[in-house]
Number of protein chains: 2
Amino acid sequence: MTPEQFFKCLADETRCRCLLLIQQELELCVCELMAALDESQPKISRHLAQLRKCGLLEDRRQGQWVFYRVSPELPAWMVSVLQQTLTSNADYLQTNLTRLQAMGDRPERVNACCA
Amino acid sequence: MTPEQFFKCLADETRCRCLLLIQQELELCVCELMAALDESQPKISRHLAQLRKCGLLEDRRQGQWVFYRVSPELPAWMVSVLQQTLTSNADYLQTNLTRLQAMGDRPERVNACCA
DNA sequence: TTAATATATATGAATATTCATATATATTGC
DNA sequence: GCAATATATATGAATATTCATATATATTAA
């Protein structure tokens, strides 16, 4: 993936916020991101699909939910850019994190290894 | 500037290459970037104007040439992203740097302070 | 006047959004 | 176990919007 292709993935508000939230929370499902961003389900789902197709995210289904996480194969410099952006833009994400915390009935995580 | 606005600036091949070349060379004029990227003058000029308008670059005119450099007011994390991208993508820029070096009659720099 | 750079406009291409619907899993009542 | 239903997510199709490019023209300095 070229640098500009990587940056294009980050160049949309929905994708940027989803990626940074996932980078911080390790793993989030579609409904959690809908709550955090207050956006429609198809909108979230489409952007996540795009990020997965580009190789930035990977998904796993757990029952009715699909959880997304940053791909473990992502080149180190891209991870570093994500982390640097996250660390330096705490205020940018604050509203989203507040909404996420305020969300009731968040799906429980079950470790893939010992479900 | 929000993170996604910053990344949008980097999300185009022409702008990405120009920015990384300038980050590496400290200062480049339009005709040098035309040579390095082998692109038309209006195309280069337009993208540089956009980067300047967004606050990523600043320009100085020296005689007939206009030199662009990374804005000294750019937030540290953005500079860090630029530098990290540059360092980790040497091969991506190699063709451009070769063409730049091969360019004859490159305009001389005159220091602003002691011209 | 010539060289270097900037800008305006028109057009086409890429991208995002919405709505409706499809699929996959879970739950409830029989 | 088997329907009927609910919930979570994905996707096709239509539309709207944004973005990049090319051409032509303007500006600025030597």
Side-chain angles (χ1 to χ4, degrees), chain A residues 2 4-19 22 27-54 56-69 100 103-110 112 115, chain B residues 2 4-19 22 27-54 57-69 100 103-110 115:
Chain A
T2 65
E4 77 265 8
Q5 283 169 339
F6 171 63
F7 292 126
K8 202 169 288 192
C9 291
L10 290 159
D12 172 90
E13 184 174 1
T14 304
R15 287 194 300 273
C16 189
R17 289 187 189 273
C18 283
L19 263 171
I22 291 170
E27 200 174 58
L28 288 171
C29 70
V30 179
C31 64
E32 288 172 322
L33 288 165
M34 287 171 61
L37 272 69
D38 192 24
E39 292 282 5
S40 74
Q41 182 270 321
K43 185 167 171 178
I44 299 288
S45 178
R46 271 182 199 291
H47 284 295
L48 291 175
Q50 188 177 339
L51 291 171
R52 185 187 48 206
K53 193 177 162 206
C54 292
L56 272 71
L57 295 181
E58 64 172 27
D59 64 342
R60 76 176 173 99
R61 177 177 278 274
Q62 178 193 303
Q64 53 201 135
W65 298 288
V66 176
F67 288 95
Y68 285 85
R69 63 171 67 193
L100 183 60
M103 176 187 180
D105 279 332
R106 284 181 64 183
E108 272 174 38
R109 271 74 174 162
V110 174
Chain B
T2 65
E4 77 265 7
Q5 284 169 337
F6 171 63
F7 292 126
K8 204 169 286 191
C9 291
L10 290 159
D12 172 89
E13 184 173 2
T14 303
R15 287 195 300 272
C16 189
R17 288 187 190 274
C18 284
L19 263 171
I22 291 170
E27 200 174 58
L28 289 171
C29 71
V30 179
C31 64
E32 289 172 321
L33 288 165
M34 286 171 62
L37 272 68
D38 192 26
E39 294 280 6
S40 73
Q41 181 271 320
K43 185 167 169 177
I44 299 288
S45 178
R46 202 175 180 290
H47 284 295
L48 290 175
Q50 188 177 337
L51 291 171
R52 184 188 47 205
K53 194 178 162 207
C54 292
L57 296 180
E58 65 171 27
D59 64 342
R60 74 176 175 99
R61 178 176 277 274
Q62 178 193 299
Q64 53 200 136
W65 300 288
V66 177
F67 288 94
Y68 285 85
R69 64 172 65 192
L100 182 60
M103 177 186 180
D105 278 334
R106 284 179 65 181
E108 272 175 37
R109 273 74 175 163
V110 174

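Per chain, numbering begins at 1; letters A, B, ... match sequence-line order.
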* Give none if dT28(D) has no partner; otherwise give the nucleotide forming a Watson-Crick or G-U wobble pair with it, both distances under 3.5 Å. =>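 Check on dT28(D): paired to dA3(C), both distances under 3.5 Å.
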* With both distances kept under 3.5 Å, what pairs with dA22(C), Watson-Crick or G-U wobble? ->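 Checking every strand shown, dA22(C) finds its partner in dT9(D), with both distances under 3.5 Å.
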* Which of the following nucleotides, dT9(D), dA6(C), dA4(C), is nearest to the side chain of Trp65(B)? ->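 The answer is dA4(C), which lies nearest to the side chain.
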Please state how far atom [atom1] in [X] lies from atom [atom2] in [N], giving the value in whole angstrom units.
X	N	atom1	atom2	value
Glu32(B)	dA3(C)	CD	P	18 Å
Arg52(A)	dA10(D)	CZ	C1'	9 Å
Met34(B)	dA3(C)	CE	P	13 Å
Leu28(B)	dT5(C)	CG	P	11 Å

* Salt-bridged, Glu32(B) to Arg106(B), with N to O below 4.0 Å? ->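 Salt bridge flag = yes for Arg106(B) with Glu32(B).
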* To do: Check salt bridge (charged side-chain N to carboxylate O under 4.0 Å, His left out) between Arg46(A) and all other residues, then give those that pass, not counting sequence neighbours.
  =>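 Partners of Arg46(A) under the salt bridge (charged side-chain N to carboxylate O under 4.0 Å, His left out) test: none.
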* With respect to the phosphate group of dA10(D), does any side-chain polar atom (N or O) of Tyr68(A) fall under 4.0 Å of OP1 or OP2? ->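 So the side-chain polar atoms of Tyr68(A) do come within 4.0 Å of the phosphate oxygens OP1 or OP2 of dA10(D), strictly under.
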* Asked: Heavy-atom distance under 4.5 Å between the side chains of Leu33(A) and Ile22(A), does that happen here?
  ->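 Leu33(A) reaches Ile22(A) side chain to side chain.
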* Asked: If the sugar-phosphate is the primed atoms plus P, OP1 and OP2 and the base is the rest, what is the B/S/- string for nucleotides 15-25 of chain C, using protein heavy atoms under 4.0 Å?
  -> SSBBBB----S
* Give Phe67(B) one of three labels, base, sugar-phosphate or nothing, depending on what nucleic acid heavy atoms sit under 4.0 Å from its own. =>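 The answer is nothing, as Phe67(B) stays clear of every strand by at least 4.0 Å.
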* Does Arg61(B) reach the main-chain N or O of Gly63(B) with its side chain, forming a donor-acceptor pair under 3.5 Å? ->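 Yes; judged by distance alone, with no hydrogens or angles, the pair exists.
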* To do: Without swapping roles, check the side chain of Arg15(A) against the backbone of Ile44(A) for a donor-acceptor pair under 3.5 Å.
  =>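 No, Arg15(A) side chain to Ile44(A) backbone: no donor-acceptor pair under 3.5 Å.
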* To do: Determine, step by step, whether Lys8(A) and Glu4(A) satisfy the salt bridge (charged side-chain N to carboxylate O under 4.0 Å, His left out) criterion, reporting the C-alpha distance in whole Å, the side-chain angles of both residues, the deciding distance to 0.1 Å, and the verdict.
  => CA-CA 6 Å; Lys8(A) 202 169 288 192; Glu4(A) 77 265 8; over 6 Å; no
